[in-house]
Amino acid sequence: MPRLMDMGLNQLNSLLLEMATLSQEAVSASIDAYDRGAKGDEVRQMSNRLRSLYRQVSDLSMEMIARYQPVASDLRFLKACLEISYGFFRYGRYALDIASVLDMFGDLSKCDKRFVVETAKKTQEMIRMSVDAFARRDVEMARRIPDMDDVVDERYRNNLKATLRTKGDVKCSLSATLILRYLERIADHASYIGESVEYIATGVEPKLD
Amino acid sequence: MLREEMSVASEVDRVTEPQTNVPKPPQPYTGEGAKLHVRKLNAWYNRRQALFEIDLPIRPNQVTAIIGPSGCGKSTLIRCLNRMHELVLGARVEGEVLLDGADIYGANMDAVEVRRRIGMVFQKPNPFPNMSIADNVVAGLKLNGVKDRGKLEKAVRRNLEQVYLWEEVKDELHRSGASLSGGQQQRLCIARALAVEPEVLLMDEPCSALDPTATAKIEQLIAELKRAYTVVIVTHNMQQAARVADYTVFMYLGKLIEYDETALLFETPREPLTERYITGKFG
(Lines give C-alpha, C1' and ligand atoms only; values in the text may rest on other atoms or scores of the structure.)
Protein backbone atom coordinates (compact mmCIF):
# COMPACT_ATOMS: atom_id res chain seq x y z
CA MET A 1 0.00 0.00 0.00
CA PRO A 2 1.55 3.35 -0.98
CA ARG A 3 2.25 5.69 1.88
CA LEU A 4 0.87 9.22 2.00
CA MET A 5 4.43 10.49 1.83
CA ASP A 6 5.09 8.60 -1.42
CA MET A 7 2.87 11.00 -3.38
CA GLY A 8 5.02 13.91 -2.27
CA LEU A 9 8.26 12.03 -2.92
CA ASN A 10 7.09 11.19 -6.45
CA GLN A 11 6.14 14.81 -7.02
CA LEU A 12 9.59 15.91 -5.86
CA ASN A 13 11.24 13.40 -8.16
CA SER A 14 9.23 14.74 -11.11
CA LEU A 15 10.16 18.33 -10.28
CA LEU A 16 13.84 17.41 -10.09
CA LEU A 17 13.74 15.54 -13.39
CA GLU A 18 12.11 18.59 -15.02
CA MET A 19 14.87 20.75 -13.54
CA ALA A 20 17.50 18.29 -14.79
CA THR A 21 16.24 18.45 -18.37
CA LEU A 22 15.76 22.21 -18.33
CA SER A 23 19.16 22.96 -16.80
CA GLN A 24 20.90 20.80 -19.42
CA GLU A 25 19.05 22.67 -22.15
CA ALA A 26 19.88 26.05 -20.64
CA VAL A 27 23.63 25.38 -20.53
CA SER A 28 23.58 23.90 -24.04
CA ALA A 29 21.67 26.91 -25.37
CA SER A 30 24.10 29.38 -23.80
CA ILE A 31 27.19 27.58 -25.12
CA ASP A 32 25.58 27.23 -28.53
CA ALA A 33 24.82 30.95 -28.57
CA TYR A 34 28.46 31.73 -27.68
CA ASP A 35 29.78 29.38 -30.36
CA ARG A 36 27.49 30.61 -33.10
CA GLY A 37 27.45 34.23 -32.05
CA ALA A 38 23.69 34.16 -31.59
CA LYS A 39 21.53 35.71 -28.87
CA GLY A 40 20.60 33.47 -26.00
CA ASP A 41 17.19 35.01 -25.26
CA GLU A 42 15.54 31.73 -24.30
CA VAL A 43 18.17 31.13 -21.61
CA ARG A 44 16.68 33.81 -19.37
CA GLN A 45 13.27 32.16 -19.47
CA MET A 46 14.81 28.80 -18.66
CA SER A 47 16.80 30.28 -15.78
CA ASN A 48 13.68 31.92 -14.34
CA ARG A 49 11.74 28.68 -14.65
CA LEU A 50 14.55 26.84 -12.85
CA ARG A 51 14.45 29.37 -10.05
CA SER A 52 10.69 28.86 -9.72
CA LEU A 53 11.12 25.06 -9.69
CA TYR A 54 13.84 25.35 -7.06
CA ARG A 55 11.40 27.21 -4.82
CA GLN A 56 8.74 24.59 -5.43
CA VAL A 57 11.15 21.81 -4.44
CA SER A 58 12.19 23.73 -1.34
CA ASP A 59 8.59 24.45 -0.30
CA LEU A 60 7.42 20.89 -0.91
CA SER A 61 10.40 19.46 1.01
CA MET A 62 9.64 21.67 4.01
CA GLU A 63 5.96 20.77 3.85
CA MET A 64 6.80 17.07 3.82
CA ILE A 65 9.13 17.43 6.80
CA ALA A 66 6.39 19.27 8.69
CA ARG A 67 3.67 16.79 7.73
CA TYR A 68 5.39 13.42 7.89
CA GLN A 69 8.59 13.79 9.97
CA PRO A 70 10.49 11.60 7.50
CA VAL A 71 13.40 9.44 8.60
CA ALA A 72 16.10 7.21 7.09
CA SER A 73 16.10 7.03 3.25
CA ASP A 74 13.10 9.40 3.06
CA LEU A 75 14.92 12.01 5.14
CA ARG A 76 18.13 11.56 3.15
CA PHE A 77 16.21 11.95 -0.10
CA LEU A 78 14.66 15.24 1.07
CA LYS A 79 18.00 16.55 2.29
CA ALA A 80 19.61 15.61 -1.02
CA CYS A 81 16.70 17.11 -2.99
CA LEU A 82 17.51 20.53 -1.57
CA GLU A 83 21.17 20.22 -2.60
CA ILE A 84 20.40 18.76 -6.02
CA SER A 85 17.68 21.27 -6.88
CA TYR A 86 20.04 24.06 -5.86
CA GLY A 87 22.65 22.57 -8.22
CA PHE A 88 20.17 22.51 -11.12
CA PHE A 89 19.09 26.06 -10.32
CA ARG A 90 22.75 27.16 -10.39
CA TYR A 91 23.28 25.45 -13.75
CA GLY A 92 20.53 27.69 -15.09
CA ARG A 93 21.92 30.77 -13.40
CA TYR A 94 25.42 30.21 -14.84
CA ALA A 95 23.89 29.56 -18.25
CA LEU A 96 22.27 32.98 -17.95
CA ASP A 97 25.63 34.48 -16.90
CA ILE A 98 27.24 32.98 -20.00
CA ALA A 99 24.48 34.44 -22.16
CA SER A 100 25.00 37.81 -20.43
CA VAL A 101 28.68 37.76 -21.44
CA LEU A 102 27.54 37.77 -25.05
CA ASP A 103 25.30 40.78 -24.38
CA MET A 104 28.12 42.55 -22.56
CA PHE A 105 30.92 41.96 -25.08
CA GLY A 106 28.97 42.11 -28.33
CA ASP A 107 30.46 40.55 -31.44
CA LEU A 108 32.94 37.78 -30.60
CA SER A 109 33.06 36.25 -34.06
CA LYS A 110 36.78 36.93 -34.45
CA CYS A 111 37.72 35.17 -31.21
CA ASP A 112 39.20 31.67 -31.13
CA LYS A 113 36.53 29.79 -29.18
CA ARG A 114 37.88 26.28 -29.46
CA PHE A 115 39.33 26.06 -25.95
CA VAL A 116 36.12 27.32 -24.35
CA VAL A 117 33.90 25.08 -26.46
CA GLU A 118 36.04 22.01 -25.66
CA THR A 119 35.82 22.82 -21.94
CA ALA A 120 32.07 23.35 -22.31
CA LYS A 121 31.73 19.87 -23.83
CA LYS A 122 33.46 18.36 -20.82
CA THR A 123 31.25 20.36 -18.48
CA GLN A 124 28.12 19.34 -20.37
CA GLU A 125 29.22 15.72 -20.07
CA MET A 126 29.49 16.26 -16.31
CA ILE A 127 25.99 17.75 -16.27
CA ARG A 128 24.68 14.76 -18.21
CA MET A 129 26.38 12.38 -15.79
CA SER A 130 25.00 14.20 -12.75
CA VAL A 131 21.49 14.10 -14.23
CA ASP A 132 21.73 10.42 -15.21
CA ALA A 133 23.28 9.49 -11.87
CA PHE A 134 20.34 11.14 -10.11
CA ALA A 135 17.67 9.69 -12.41
CA ARG A 136 19.06 6.14 -12.03
CA ARG A 137 20.50 6.53 -8.51
CA ASP A 138 23.76 5.37 -10.14
CA VAL A 139 26.44 5.70 -7.45
CA GLU A 140 29.27 4.47 -9.68
CA MET A 141 28.56 7.15 -12.25
CA ALA A 142 28.27 9.77 -9.51
CA ARG A 143 31.71 8.82 -8.21
CA ARG A 144 33.33 9.44 -11.61
CA ILE A 145 32.23 13.10 -11.76
CA PRO A 146 34.90 14.62 -9.44
CA ASP A 147 37.72 13.33 -11.70
CA MET A 148 36.26 15.31 -14.57
CA ASP A 149 35.89 18.32 -12.29
CA ASP A 150 39.66 18.29 -11.81
CA VAL A 151 40.12 18.49 -15.59
CA VAL A 152 37.78 21.50 -15.89
CA ASP A 153 39.49 23.21 -12.94
CA GLU A 154 42.88 22.69 -14.59
CA ARG A 155 41.70 24.11 -17.90
CA TYR A 156 40.28 27.16 -16.10
CA ARG A 157 43.56 27.78 -14.27
CA ASN A 158 45.63 27.31 -17.41
CA ASN A 159 43.48 29.77 -19.29
CA LEU A 160 43.81 32.28 -16.46
CA LYS A 161 47.61 32.06 -16.56
CA ALA A 162 47.57 32.41 -20.36
CA THR A 163 45.26 35.44 -20.09
CA LEU A 164 47.70 37.18 -17.76
CA ARG A 165 50.42 36.74 -20.36
CA THR A 166 48.31 37.55 -23.42
CA LYS A 167 48.99 40.53 -25.62
CA GLY A 168 46.12 39.73 -27.96
CA ASP A 169 42.51 40.87 -28.05
CA VAL A 170 41.40 41.71 -24.49
CA LYS A 171 37.74 41.26 -25.38
CA CYS A 172 38.33 37.68 -26.55
CA SER A 173 40.51 36.66 -23.61
CA LEU A 174 38.30 38.32 -20.98
CA SER A 175 35.05 36.86 -22.34
CA ALA A 176 36.67 33.43 -22.53
CA THR A 177 37.93 33.72 -18.95
CA LEU A 178 34.51 34.70 -17.65
CA ILE A 179 32.77 31.85 -19.45
CA LEU A 180 35.41 29.37 -18.29
CA ARG A 181 34.85 30.60 -14.75
CA TYR A 182 31.12 29.89 -15.06
CA LEU A 183 31.85 26.47 -16.54
CA GLU A 184 34.20 25.74 -13.65
CA ARG A 185 31.43 26.60 -11.19
CA ILE A 186 28.93 24.43 -13.10
CA ALA A 187 31.42 21.55 -12.86
CA ASP A 188 31.63 22.06 -9.09
CA HIS A 189 27.86 21.80 -8.78
CA ALA A 190 27.87 18.64 -10.91
CA SER A 191 30.27 17.15 -8.33
CA TYR A 192 28.01 18.23 -5.46
CA ILE A 193 25.01 16.62 -7.16
CA GLY A 194 27.05 13.43 -7.57
CA GLU A 195 27.84 13.48 -3.85
CA SER A 196 24.15 13.92 -3.04
CA VAL A 197 23.24 10.94 -5.23
CA GLU A 198 25.76 8.84 -3.28
CA TYR A 199 24.32 10.16 0.00
CA ILE A 200 20.77 9.17 -0.99
CA ALA A 201 21.88 5.64 -1.84
CA THR A 202 24.37 4.92 0.92
CA GLY A 203 23.94 7.50 3.67
CA VAL A 204 27.61 8.43 3.34
CA GLU A 205 28.13 12.17 3.72
CA PRO A 206 30.64 13.73 1.30
CA LYS A 207 34.08 14.38 2.71
CA LEU A 208 34.97 18.03 3.05
CA ASP A 209 38.32 18.93 1.48
CA MET B 1 6.46 -21.75 16.43
CA LEU B 2 3.24 -20.85 14.63
CA ARG B 3 3.29 -20.88 10.84
CA GLU B 4 2.69 -17.12 10.74
CA GLU B 5 5.54 -16.49 13.17
CA MET B 6 7.83 -18.74 11.13
CA SER B 7 7.09 -16.89 7.92
CA VAL B 8 7.79 -13.53 9.57
CA ALA B 9 10.93 -14.95 11.21
CA SER B 10 12.24 -16.07 7.84
CA GLU B 11 11.45 -12.58 6.56
CA VAL B 12 13.62 -11.18 9.36
CA ASP B 13 16.48 -13.40 8.24
CA ARG B 14 15.96 -12.45 4.60
CA VAL B 15 15.81 -8.69 5.02
CA THR B 16 18.57 -8.55 7.60
CA GLU B 17 21.06 -9.91 5.07
CA PRO B 18 23.89 -7.36 4.80
CA GLN B 19 23.26 -4.72 2.15
CA THR B 20 26.47 -4.18 0.25
CA ASN B 21 26.14 -0.47 -0.40
CA VAL B 22 25.38 0.57 3.18
CA PRO B 23 28.45 1.18 5.35
CA LYS B 24 28.75 -1.08 8.39
CA PRO B 25 30.63 0.78 11.06
CA PRO B 26 31.94 -1.43 13.84
CA GLN B 27 29.82 -1.41 17.00
CA PRO B 28 32.02 0.79 19.18
CA TYR B 29 30.41 0.10 22.55
CA THR B 30 30.74 -3.30 24.17
CA GLY B 31 29.32 -2.36 27.52
CA GLU B 32 32.19 -1.01 29.63
CA GLY B 33 30.69 1.16 32.35
CA ALA B 34 27.14 0.30 31.32
CA LYS B 35 24.56 0.99 34.01
CA LEU B 36 22.53 -1.98 32.88
CA HIS B 37 23.92 -4.69 30.67
CA VAL B 38 21.53 -7.25 29.22
CA ARG B 39 23.38 -10.40 28.18
CA LYS B 40 21.94 -13.32 26.24
CA LEU B 41 18.50 -12.70 27.68
CA ASN B 42 15.66 -15.05 26.77
CA ALA B 43 12.15 -14.80 28.19
CA TRP B 44 9.07 -16.99 28.03
CA TYR B 45 5.38 -16.88 28.85
CA ASN B 46 4.76 -20.54 29.64
CA ARG B 47 6.03 -22.33 26.48
CA ARG B 48 5.94 -19.29 24.23
CA GLN B 49 9.31 -17.62 23.88
CA ALA B 50 8.99 -13.81 23.80
CA LEU B 51 12.66 -12.72 23.80
CA PHE B 52 15.59 -14.29 21.97
CA GLU B 53 19.23 -13.81 22.99
CA ILE B 54 19.01 -10.10 23.72
CA ASP B 55 22.37 -8.35 24.20
CA LEU B 56 22.09 -4.69 25.11
CA PRO B 57 24.41 -2.41 27.05
CA ILE B 58 22.52 0.60 28.46
CA ARG B 59 24.67 3.64 29.07
CA PRO B 60 24.46 5.54 32.35
CA ASN B 61 22.71 8.93 32.43
CA GLN B 62 21.39 8.50 28.93
CA VAL B 63 17.90 7.93 27.58
CA THR B 64 17.53 4.67 25.69
CA ALA B 65 14.31 4.17 23.70
CA ILE B 66 12.97 0.79 22.66
CA ILE B 67 10.80 0.83 19.54
CA GLY B 68 9.15 -1.86 17.45
CA PRO B 69 5.73 -3.08 16.34
CA SER B 70 3.15 -4.47 18.74
CA GLY B 71 4.13 -7.86 20.08
CA CYS B 72 7.84 -7.44 19.33
CA GLY B 73 8.78 -7.92 22.99
CA LYS B 74 9.69 -4.38 23.99
CA SER B 75 7.42 -4.33 27.05
CA THR B 76 8.58 -7.82 28.01
CA LEU B 77 12.19 -6.65 27.75
CA ILE B 78 11.65 -3.57 29.93
CA ARG B 79 9.85 -5.72 32.51
CA CYS B 80 12.80 -8.08 32.59
CA LEU B 81 15.04 -5.14 33.49
CA ASN B 82 13.61 -4.89 37.01
CA ARG B 83 12.32 -8.42 37.53
CA MET B 84 8.68 -7.58 36.93
CA HIS B 85 8.39 -10.20 34.20
CA GLU B 86 8.64 -12.98 36.76
CA LEU B 87 5.48 -11.69 38.49
CA VAL B 88 3.42 -13.03 35.58
CA LEU B 89 2.19 -16.58 36.17
CA GLY B 90 4.19 -19.01 34.02
CA ALA B 91 6.77 -16.41 32.99
CA ARG B 92 10.48 -17.13 33.20
CA VAL B 93 13.81 -15.65 32.17
CA GLU B 94 17.24 -16.98 31.20
CA GLY B 95 20.36 -14.89 30.80
CA GLU B 96 21.73 -11.94 32.72
CA VAL B 97 20.82 -8.34 33.46
CA LEU B 98 23.79 -6.71 35.11
CA LEU B 99 23.17 -3.64 37.25
CA ASP B 100 26.56 -1.99 37.79
CA GLY B 101 28.08 -5.38 36.98
CA ALA B 102 25.94 -7.49 39.37
CA ASP B 103 23.29 -9.82 37.94
CA ILE B 104 19.84 -8.80 39.16
CA TYR B 105 18.79 -12.42 38.71
CA GLY B 106 21.69 -13.61 40.88
CA ALA B 107 21.01 -15.84 43.90
CA ASN B 108 21.74 -13.11 46.44
CA MET B 109 19.67 -10.43 44.80
CA ASP B 110 16.47 -9.30 46.51
CA ALA B 111 13.79 -8.66 43.87
CA VAL B 112 12.17 -5.92 45.99
CA GLU B 113 15.49 -4.11 46.34
CA VAL B 114 16.07 -4.50 42.59
CA ARG B 115 12.72 -2.83 41.92
CA ARG B 116 13.62 0.00 44.29
CA ARG B 117 16.88 0.63 42.44
CA ILE B 118 15.20 0.24 39.04
CA GLY B 119 11.84 2.01 39.14
CA MET B 120 9.00 1.72 36.66
CA VAL B 121 6.42 4.12 35.26
CA PHE B 122 3.54 2.54 33.40
CA GLN B 123 1.51 3.33 30.31
CA LYS B 124 -1.64 4.32 32.19
CA PRO B 125 -1.15 6.74 35.08
CA ASN B 126 -1.93 4.67 38.17
CA PRO B 127 -1.93 6.82 41.30
CA PHE B 128 -3.35 5.03 44.33
CA PRO B 129 -6.96 6.30 44.09
CA ASN B 130 -7.65 6.26 47.81
CA MET B 131 -4.52 8.19 48.71
CA SER B 132 -3.87 11.92 48.69
CA ILE B 133 -1.35 13.49 46.33
CA ALA B 134 1.19 13.70 49.17
CA ASP B 135 0.61 10.12 50.30
CA ASN B 136 1.00 8.89 46.73
CA VAL B 137 4.45 10.46 46.50
CA VAL B 138 5.73 8.87 49.68
CA ALA B 139 3.87 5.54 49.47
CA GLY B 140 7.07 3.69 48.62
CA LEU B 141 9.03 5.38 51.40
CA LYS B 142 6.36 4.48 53.97
CA LEU B 143 6.37 0.90 52.69
CA ASN B 144 10.13 0.87 53.31
CA GLY B 145 9.54 1.94 56.93
CA VAL B 146 10.20 5.67 56.79
CA LYS B 147 7.98 7.30 59.46
CA ASP B 148 9.71 10.61 60.19
CA ARG B 149 7.08 13.25 59.34
CA GLY B 150 9.59 15.95 58.47
CA LYS B 151 11.51 13.61 56.20
CA LEU B 152 8.31 12.58 54.43
CA GLU B 153 7.18 16.20 53.95
CA LYS B 154 10.54 17.10 52.49
CA ALA B 155 10.33 14.12 50.14
CA VAL B 156 6.86 15.21 48.97
CA ARG B 157 8.07 18.68 48.09
CA ARG B 158 11.40 17.60 46.60
CA ASN B 159 9.89 14.97 44.32
CA LEU B 160 6.92 17.06 43.23
CA GLU B 161 9.33 19.88 42.39
CA GLN B 162 11.47 17.44 40.45
CA VAL B 163 8.53 16.61 38.16
CA TYR B 164 7.37 20.26 37.97
CA LEU B 165 4.11 19.45 39.76
CA TRP B 166 4.72 21.28 43.04
CA GLU B 167 3.49 24.71 41.89
CA GLU B 168 0.33 23.16 40.46
CA VAL B 169 -0.68 21.16 43.55
CA LYS B 170 1.10 22.67 46.57
CA ASP B 171 -2.14 24.11 48.00
CA GLU B 172 -4.11 20.89 47.67
CA LEU B 173 -1.72 18.13 48.67
CA HIS B 174 -4.51 16.35 50.52
CA ARG B 175 -6.71 16.02 47.45
CA SER B 176 -6.98 12.56 45.94
CA GLY B 177 -4.27 11.74 43.40
CA ALA B 178 -7.01 10.45 41.12
CA SER B 179 -8.55 13.94 40.91
CA LEU B 180 -5.62 15.28 38.88
CA SER B 181 -5.57 15.49 35.07
CA GLY B 182 -4.03 12.59 33.14
CA GLY B 183 -0.76 14.40 32.58
CA GLN B 184 -0.55 15.49 36.22
CA GLN B 185 -1.31 11.93 37.35
CA GLN B 186 1.55 10.62 35.22
CA ARG B 187 3.96 13.17 36.68
CA LEU B 188 2.70 12.19 40.15
CA CYS B 189 3.53 8.57 39.32
CA ILE B 190 7.02 9.64 38.21
CA ALA B 191 7.43 11.55 41.48
CA ARG B 192 6.35 8.42 43.36
CA ALA B 193 8.90 6.34 41.46
CA LEU B 194 11.65 8.89 42.17
CA ALA B 195 10.84 9.13 45.89
CA VAL B 196 12.49 5.80 46.66
CA GLU B 197 15.68 7.12 45.03
CA PRO B 198 16.12 4.69 42.17
CA GLU B 199 19.17 4.67 39.90
CA VAL B 200 17.33 3.63 36.75
CA LEU B 201 13.87 4.69 35.61
CA LEU B 202 11.96 2.43 33.23
CA MET B 203 9.03 4.00 31.38
CA ASP B 204 6.59 1.80 29.49
CA GLU B 205 4.81 4.03 26.97
CA PRO B 206 4.41 6.79 29.55
CA CYS B 207 2.69 9.23 27.18
CA SER B 208 0.38 6.98 25.20
CA ALA B 209 -2.65 8.06 27.25
CA LEU B 210 -1.75 11.76 27.31
CA ASP B 211 -2.59 14.75 25.12
CA PRO B 212 0.19 16.60 23.22
CA THR B 213 0.66 19.25 25.93
CA ALA B 214 0.98 16.71 28.73
CA THR B 215 3.23 14.60 26.47
CA ALA B 216 5.55 17.56 25.88
CA LYS B 217 5.87 18.09 29.64
CA ILE B 218 6.78 14.45 30.23
CA GLU B 219 9.32 14.59 27.40
CA GLN B 220 10.93 17.72 28.86
CA LEU B 221 11.02 15.96 32.19
CA ILE B 222 12.71 12.90 30.70
CA ALA B 223 15.42 15.14 29.24
CA GLU B 224 16.07 16.57 32.71
CA LEU B 225 15.85 13.26 34.57
CA LYS B 226 18.76 11.78 32.67
CA ARG B 227 21.14 14.09 34.55
CA ALA B 228 20.50 12.03 37.67
CA TYR B 229 19.07 8.77 36.35
CA THR B 230 19.50 6.26 33.57
CA VAL B 231 16.24 6.21 31.63
CA VAL B 232 14.83 3.44 29.45
CA ILE B 233 11.61 4.21 27.61
CA VAL B 234 9.37 1.96 25.54
CA THR B 235 7.40 3.89 22.96
CA HIS B 236 5.19 3.26 19.94
CA ASN B 237 5.80 6.81 18.85
CA MET B 238 8.96 6.95 16.75
CA GLN B 239 9.00 10.73 16.73
CA GLN B 240 9.00 10.60 20.52
CA ALA B 241 12.00 8.26 20.48
CA ALA B 242 13.72 10.62 18.03
CA ARG B 243 12.99 13.59 20.30
CA VAL B 244 13.94 12.24 23.70
CA ALA B 245 16.36 9.34 23.30
CA ASP B 246 20.13 9.39 23.03
CA TYR B 247 20.14 5.76 21.91
CA THR B 248 17.43 3.74 20.23
CA VAL B 249 16.81 0.02 20.07
CA PHE B 250 14.68 -1.52 17.33
CA MET B 251 13.09 -4.90 18.14
CA TYR B 252 11.15 -7.31 15.98
CA LEU B 253 9.65 -10.67 16.86
CA GLY B 254 11.49 -10.84 20.16
CA LYS B 255 14.88 -10.11 18.60
CA LEU B 256 17.02 -7.03 18.91
CA ILE B 257 17.51 -5.96 15.30
CA GLU B 258 19.49 -2.75 15.71
CA TYR B 259 20.86 -0.53 18.46
CA ASP B 260 22.55 2.76 17.75
CA GLU B 261 22.72 6.44 18.49
CA THR B 262 19.24 7.82 17.85
CA ALA B 263 20.37 10.29 15.18
CA LEU B 264 22.18 7.54 13.27
CA LEU B 265 19.38 5.03 13.56
CA PHE B 266 16.84 7.50 12.22
CA GLU B 267 19.02 8.89 9.43
CA THR B 268 21.12 5.95 8.30
CA PRO B 269 19.83 2.71 9.80
CA ARG B 270 22.18 -0.19 9.12
CA GLU B 271 19.53 -2.88 8.92
CA PRO B 272 17.01 -2.96 6.05
CA LEU B 273 14.32 -4.14 8.48
CA THR B 274 14.83 -1.05 10.63
CA GLU B 275 14.68 1.12 7.52
CA ARG B 276 11.39 -0.47 6.48
CA TYR B 277 9.83 -0.13 9.92
CA ILE B 278 10.74 3.47 10.62
CA THR B 279 9.78 4.64 7.12
CA GLY B 280 6.39 2.95 7.39
CA LYS B 281 7.09 0.46 4.58
CA PHE B 282 6.45 -2.43 6.88
CA GLY B 283 4.15 -5.35 6.02
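Chain identifiers are assigned alphabetically (A, B, ...) following the order of the sequence lines, protein sequences preceding nucleic acid strands; residue numbering begins at 1 within each chain.
- Under the 3.5 Å distance criterion, the side-chain polar atoms of R76(A) are matched with a main-chain donor or acceptor of E267(B).
- The CD1 atom of I278(B) lies 13.0 Å from the CD atom of Q69(A); values are rounded to the nearest 0.5 Å.
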In sequence, state the C-alpha distance, the side-chain angles, and the governing distance for D74(A) and K281(B), and then conclude on side-chain contact (heavy atoms from CB on, under 4.5 Å). CA-CA 11 Å; D74(A) 296 327; K281(B) 295 171 186 162; 4.0 Å; yes

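- Counting heavy atoms from C-beta on, the side chains of S73(A) and T279(B) come closer than 4.5 Å.
- The number of heavy-atom neighbours closer than 6.0 Å to CZ of R51(A), taken from other residues, nucleotides and ligands shown, is 12 or below.
- Residue R185(A) places its CZ atom among more than 12 non-hydrogen atoms of other residues, nucleotides or ligands, all under 6.0 Å distant.
- The environment of CZ in R67(A) is sparse: at most 12 heavy-atom neighbours from other residues, nucleotides or ligands sit within 6.0 Å.
- At most 12 non-hydrogen atoms from other residues, nucleotides or ligands lie less than 6.0 angstrom from OH of Y164(B).
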